[in-house]
Protein chains: 2
Amino acid sequence: MKDFRVNDVAARANVSVGTVSNVLNRPEMVAIATRERVEAVIAAMNYVPNERARQLRAGTSSMIGFVMLDAGNPFFMDVARGAENAASALGLTVLLGNSDDDASREDSYLEAFELQRVRGVLVSPTRDIGARVRSLRERRIPSILIGRAHSPAAASSVSVDDVAGGLLAAEHLIGLGRTRLSFVAGPLHIRQVTDRLAGAQSAVARSSAATLELFGATSLSIQAGRVIGRQIAGRRPRDRPDAIFAANDLLAIGILEAITLSEVPIRVPDDIAIVGYDDIEYARSAVVPITSIRQPSAEIGATAIRLLLEEASDLSLEPRDVTFQPCLIERASTVQGSA
Amino acid sequence: MKDFRVNDVAARANVSVGTVSNVLNRPEMVAIATRERVEAVIAAMNYVPNERARQLRAGTSSMIGFVMLDAGNPFFMDVARGAENAASALGLTVLLGNSDDDASREDSYLEAFELQRVRGVLVSPTRDIGARVRSLRERRIPSILIGRAHSPAAASSVSVDDVAGGLLAAEHLIGLGRTRLSFVAGPLHIRQVTDRLAGAQSAVARSSAATLELFGATSLSIQAGRVIGRQIAGRRPRDRPDAIFAANDLLAIGILEAITLSEVPIRVPDDIAIVGYDDIEYARSAVVPITSIRQPSAEIGATAIRLLLEEASDLSLEPRDVTFQPCLIERASTVQGSA
DNA sequence: GCCTCCCGTTGAGACGGTTCAATGCTGAGC
DNA sequence: GCTCAGCATTGAACCGTCTCAACGGGAGGC
């Protein structure tokens, strides 16, 4: 009923604590007979070493923290899964924290990870977290940002070229002959949102006919999308945009739901075409399958782990930025008759 | 650039380590002048105490682990959110681990939490984890199961009456005049699946006309649902069920997508009515909004934290089981014209 | 029989904190 | 002036593990 210590095991096996420790950590350097005896005692007592003490002594942890902007968004879970797979192959464990775009929650997770002296931290930041990142760095805890950094040189980052993604989306819509484009933004402190908007703006600027209207959603969620959708459906038909580019798929799903189920249904894509972002699985299963910008989520997670470990073993490394390219997945919300 | 210790702070403030520790943990017992001086030094050095060392000595942790069956399933994320809110109000941090219905991953997370000697553990188990739970208990780490336990007395649990939920769903379909019911199950080692099936079976048994066919999906995911959906769509119309009860909403979404987008589209609910389970937000936004069984997810998480802390402070407590009642949310996938 | 060598084992010290009995100091009371 | 109480501070012991210099003993060589 009590928690045994290495002492107890040593006493019961008639060896010293050092030997027990060796059996656990360097079994090859202990005689076979001794080893088997100690192992038997360990099993009999159901002894489990105390990781906190071990890490205190070793000065190193096998945990990696990941603070997510929105764990409810499948995109981030896919990134997390990629990170987990890469980490567990190396015997490391990824612990997830969900900030829900709340700066204080984000900071409390980062603080908890800092107090724990984890091996490193991945963050998809809600806003500029340069200060905390520097503090972690002083503790020799590297951090990798998922998504482009606000303050450049603070930490390495793994991101997708969101400006290119925005460009892709808007060009696709313009290429389909749409002219009254709109961008549905989430909170503007999120870098991804402003970058995607910038991409869309530059595509529109290149076109002579197209215009871009901006809608501001309160968050990157289905619910917020519904609100915008109802707003659009409430307008007179000639005042509505003929194409919507939503800052992410959750928004797109909410918008789509609201406008197709409104009193006088709007046809998608005939009346309004919709493009989302992230290519989450639900986008494919929506009322009308949603055209979306795909990001290599699992690869992002795996790359982040790789960078993290490189920096953990060489703290003098300069921050690096790895950027992936997004691609467009066409579906029925923009192109009639496609999958 | 180095990680300071309490020693360094003590030296710089001309006090002993004990005093620094007191400033941090029991500030009221240290003279104001001294306290302010020490606090100034702490701030100046950006000293952050090492939580591992602190907890090693104190023997207690402020972390709670939560191993989720499927972090990609919004239902579990909602439970996690409920737990996080309840925990953070008490100064505790919830760390998430995703087992993805993989027993070995589940065990490796539980092991990591056990090694870390966390305050307690929440688990939505993939299968019978009685052994691990007992092992945790020996370390005085209480565990709370989310969902009904396999081996009864191992740990407390917070669950929803899934048999009642299954009954609700099947009775709803039967009440609509459907007779050729089918249940789309996920992996049968998951308790929720078998319970929901049992509920459906008993509803069917009570009816003279209704029958129940069983489909086995490989996992509780959208993809697995699509496979089943295609299988159903591939049958001759008279061989198809006229009602589907899916073990969860993800399956329902996949099935719905596959059958409505098949070559000869099946009308929902006219040809086939569909009921899901969990009432995740996406269910409402699907091709046809899906009728579902709602569970009080946030409340489940909060209750689990409450039980956990009660057991952490009194280890002699007998395992308890808190059961919530589910309710049916009607939508267009069973009732034409509803929201 | 003695000296090496080598392998296996030992046990003290370190990791970075907290705790608590002991100590030092101040000021009040007589 | 002395005693005593009471408060602030001290520093050694401890939490559970790992590491490494030192040690013991058996085998082999002479």
Side-chain angles (χ1 to χ4, degrees), chain A residues 2-39 41-42 45-63 112 114-119 138-141, chain B residues 2-39 41-42 45-63 112 114-119 138-141:
Chain A
K2 233 197 106 266
D3 212 359
F4 292 110
R5 296 160 314 196
V6 65
N7 267 318
D8 304 320
V9 176
R12 196 114 96 93
N14 283 321
V15 293
S16 75
V17 291
T19 302
V20 176
S21 177
N22 284 334
V23 168
L24 290 167
N25 304 299
R26 302 183 276 175
E28 72 285 355
M29 81 177 315
V30 59
I32 297 186
T34 314
R35 189 201 315 172
E36 285 175 349
R37 183 155 42 94
V38 174
E39 280 170 348
V41 172
I42 288 177
M45 300 175 94
N46 187 21
Y47 164 72
V48 174
N50 184 325
E51 185 70 10
R52 280 203 305 251
R54 179 197 296 243
Q55 291 177 1
L56 170 60
R57 173 64 232 236
T60 173
S61 164
S62 61
M63 309 252 143
E114 180 172 356
L115 291 171
Q116 284 288 321
R117 303 287 197 275
V118 296
R119 182 79 69 90
E138 277 181 29
R139 313 255 114 61
R140 311 176 178 205
I141 301 174
Chain B
K2 232 198 106 266
D3 212 358
F4 292 111
R5 296 163 315 211
V6 63
N7 268 317
D8 305 319
V9 175
R12 196 116 95 94
N14 282 321
V15 292
S16 75
V17 291
T19 301
V20 176
S21 175
N22 284 334
V23 168
L24 290 167
N25 303 299
R26 302 182 276 174
E28 72 286 356
M29 81 177 316
V30 61
I32 296 186
T34 315
R35 189 200 316 174
E36 284 175 350
R37 183 155 42 94
V38 174
E39 280 169 349
V41 172
I42 288 178
M45 301 175 95
N46 187 21
Y47 165 73
V48 174
N50 183 326
E51 186 69 8
R52 280 203 304 252
R54 179 198 295 246
Q55 291 177 2
L56 172 60
R57 174 66 229 227
T60 173
S61 164
S62 61
M63 308 253 143
E114 180 172 356
L115 291 171
Q116 284 288 322
R117 304 285 197 275
V118 296
R119 180 79 68 92
E138 278 181 29
R139 312 253 116 62
R140 309 176 181 208
I141 302 174

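Per chain, numbering begins at 1; letters A, B, ... match sequence-line order. The model shown is predicted, which means the values in this text are computed figures rather than measured ones. The basis for the numbers below is simple: all heavy atoms, side chains too, and nothing from hydrogens, waters or symmetry mates.
With rounding to the nearest 0.5 angstrom, the OG1 atom of T19(A) is 11.0 Å from the CG atom of L24(A). Considering CG of L56(A) and CG of N50(A), their distance stands at 9.5 Å, rounded to 0.5 Å. How far CD1 of I32(A) is from CZ of R37(A): 13.5 Å, rounded to the nearest 0.5 Å.
Distances were taken from every side-chain heavy atom of R26(B) (C-beta onward) to each of dC20(D), dG17(C), dT19(C); the shortest belongs to dT19(C).
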*Given E114(A) and R139(A), is the side chain to side chain contact (heavy atoms under 4.5 Å, CB included) satisfied, shown in steps?*
CA-CA 8 Å; E114(A) 180 172 356; R139(A) 313 255 114 61; 2.8 Å; yes
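dG16(D) atom P lies 5 Å from atom CZ of R5(A), rounded to whole Å. Between the CG atom of L115(A) and the P atom of dG17(C) there is a distance of 11 Å, given to the nearest Å. As rounded to whole Å, 9 Å separates atom P of dG17(C) from atom CG of L56(A). Atom CZ in F4(B) sits roughly 16 Å away from atom P in dC15(C) (whole-Å rounding). Remark: P of dC15(D) and CD of Q55(B) are 17 Å apart, rounded to the nearest angstrom. Rounded to whole Å, the distance from CG on D8(A) to P on dC15(D) is 11 Å. The CZ atom of R52(A) sits 11 Å away from the P atom of dT17(D) (whole-angstrom rounding). In this structure, CG of L24(B) is placed 16 Å from P of dG16(C), rounded to the nearest angstrom.
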_Nucleic acid footprint by protein, nucleotides 5-12 of chain C - heavy-atom cut-off 4.0 Å, B for base, S for sugar-phosphate alone_ = ---SSBB-
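Between the base of dT18(C) and the side chain of R57(B) there is a donor-acceptor pair shorter than 3.5 Å.
OP1 and OP2 of dG16(C) both lie 4.0 Å or more from every side-chain N or O belonging to Y47(B).
The shortest heavy-atom contact between Q55(A) and S62(A) is NE2-N, 3.6 Å.
Axis orientation changes by 60° from one end of the helix from dG1(C)-dC30(D) to dC30(C)-dG1(D) to the other, with each end axis drawn from 5 pairs and the value rounded to 10°.
With Y47(B) as the partner, the side chain to side chain contact (heavy atoms under 4.5 Å, CB included) test is satisfied by one option alone out of V6(B), V41(B), D8(B): V6(B).
The side-chain contact (heavy atoms from CB on, under 4.5 Å) search around T60(A) returns A58(A), R119(A), not counting sequence neighbours.
Under the 3.5 Å distance criterion, the side-chain polar atoms of R117(B) are left unmatched by any main-chain donor or acceptor of R52(A). Here the side chain of R26(A) pairs no donor or acceptor atom with the backbone of V23(A) at under 3.5 angstrom.
Backbone-only engagement by N25(B) is indicated by non-hydrogen atom pairs under 4.0 Å involving sugar-phosphate atoms exclusively.
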